[in-house]
Number of protein chains: 2
Amino acid sequence: MEKNRAISSLAALAHDQRIDVFRLLVQAGPEGIPAGEIAAALKSPANTLSNNLRILTAAGLIRSAREGRSIRYFADMDGMRVLLAFLMQDCCGGRAELCQPVLDTITCNC
Amino acid sequence: MEKNRAISSLAALAHDQRIDVFRLLVQAGPEGIPAGEIAAALKSPANTLSNNLRILTAAGLIRSAREGRSIRYFADMDGMRVLLAFLMQDCCGGRAELCQPVLDTITCNC
DNA sequence: CATTCAATTCCATTACACATGAAATATGGA
DNA sequence: TCCATATTTCATGTGTAATGGAATTGAATG
């Protein structure tokens with residue numbers, strides 16, 4: 001069942017607007033962004049964005065919290081972690097030299 | 001253009017058979033697997049698999065080399081590296097504590 | 001050259017994803 | 001209570017992906 005979750009996460013991200021939304025929320029960090037601001041930033045109709053937020057939420061990639069009239073969205077780092085772990089799992093096939101360059105690339109440049 | 005490449009790679013992986021193919025090739029490592037063996041392993045009609053191999057190749061996630069009558073496929077670790085780099089880029093939003101758990105998860109257990 | 005095997009391409013059918021207008025819902029304030 | 005704002009749900013038209021049968025290409029063998 002893990003596999004289906006990975007597929008739905010990948011499918012959620014494989015979309016022009018949703019990948020923008022996700023990266024926007026990742027950059028926004030813990031304070032998140034209200035749905036209206038996301039729509040404004042991406043110049044998107046509210047209902048189109050709403051549907052994409054729903055898909056990203058179902059995929060476990062973002063979370064939300066109501067805040068008065070608006071709803072604030074956050075990147076779900078745990079979901080991202082699960083997805084990347086699945087993608088990298090069994091990455092070696094017994095040979096570390098295969099996966100090491102991949103891991104080196106992901107080194108965080110905070 | 002980088003973004004479109006990421007999207008097509010994600011879309012390629014967001015598929016029941018293609019994610020199996022990719023992981024199979026990752027596990028197989030540098031020696032790769034001939035198309036026929038992949039089809040047998042996944043119990044798939046040859047033409048369906050062939051189409052999915054084409055999509056994965058176009059996405060930069062696998063490579064191939066003819067070997068007599070058969071064609072041997074390999075996971076393209078460079079393509080994977082590009083994809084993961086894009087996904088993890090700007091992962092911090094100025095706060096290392098956000099992305100660190102994600103990076104820790106990906107630690108290779110070779 | 002004819003044959004056989006491997007893999008791909010072509011094609012038609014089916015099914016699902018996407019975007020958006022319009023309507024509905026939820027919240028806070030007058 | 002009634003209105004304004006923010007967001008979601010519904011219904012629908014459009015397009016694109018997935019699938020597998022049949023035909024085709026490419027390579028080795030006798």
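Reckoned from all heavy atoms, side chains included, excluding hydrogens, waters and symmetry mates. Reminder, nothing fancy here: chain letters follow the sequence lines and each chain counts from 1.
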With a cut-off of less than 4.0 Å, is there a side-chain N or O of [X] near OP1 or OP2 of [N]?
X       : N     : answer
B/Arg54 : C/dA7 : no
A/Arg66 : D/dT7 : no
A/Tyr73 : D/dA6 : no

Students often get this wrong, so: under 4.0 angstrom with heavy atoms, is B/Arg72 touching a base, only sugar-phosphate, or nothing?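 If one applies the 4.0 Å heavy-atom cut-off, B/Arg72 turns out to touch nothing in the nucleic acid.
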Using a heavy-atom cut-off of under 4.0 Å over every strand shown, decide if B/Thr48 touches base, sugar-phosphate, or nothing.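 Result for B/Thr48 = base.
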Testing A/Leu53, A/Ile55, A/Asn47, A/Leu49 for side chain to side chain contact (heavy atoms under 4.5 Å, CB included) with A/Asn51, which one passes?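 When A/Leu53, A/Ile55, A/Asn47, A/Leu49 are each tested with A/Asn51, the side chain to side chain contact (heavy atoms under 4.5 Å, CB included) holds only for A/Ile55.
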Length of the line joining [X]:[atom1] and [N]:[atom2], which is rounded to integer Å:
X       : N      : atom1 : atom2 : result
A/Arg69 : D/dT8  : CZ    : P     : 16 Å
B/Asn51 : D/dT24 : CG    : P     : 19 Å
A/Gln17 : C/dA17 : CD    : P     : 17 Å
A/Ile71 : D/dT9  : CD1   : P     : 9 Å
A/Leu49 : D/dA6  : CG    : C1'   : 12 Å
A/Ile55 : D/dT8  : CD1   : P     : 12 Å
A/Leu53 : D/dT7  : CG    : P     : 9 Å
A/His15 : C/dA17 : NE2   : P     : 12 Å

Would you say the side-chain atoms of A/Gln17 and A/Ser44 include a donor-acceptor pair closer than 3.5 Å?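 Yes - a donor-acceptor pair under 3.5 Å links their side chains.
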Going from OG on A/Ser64 to CD1 on A/Ile71, what distance comes out if it is rounded to the nearest 0.5 angstrom?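 Atom-to-atom, A/Ser64:OG and A/Ile71:CD1 are 6.0 Å apart.
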Separation of B/Leu61 CG from B/Leu13 CG (nearest 0.5 Å):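 Here the interatomic distance stands at 5.0 Å.
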Starting the side chain at C-beta, find the nucleotide from D/dT9, C/dT8, C/dA6 nearest to B/Ser50.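 Side chain of B/Ser50 sits closest to C/dT8.
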If you check the B/Ala35 side chain, which of C/dA7, D/dT19, D/dA28 turns out closest?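 Closest of the options to the side chain of B/Ala35: C/dA7.
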State, with a plain yes or no, whether a side-chain heavy atom of A/His15 is found less than 4.5 Å away from one of B/Leu10.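 Sidechains of B/Leu10 and A/His15: no contact.
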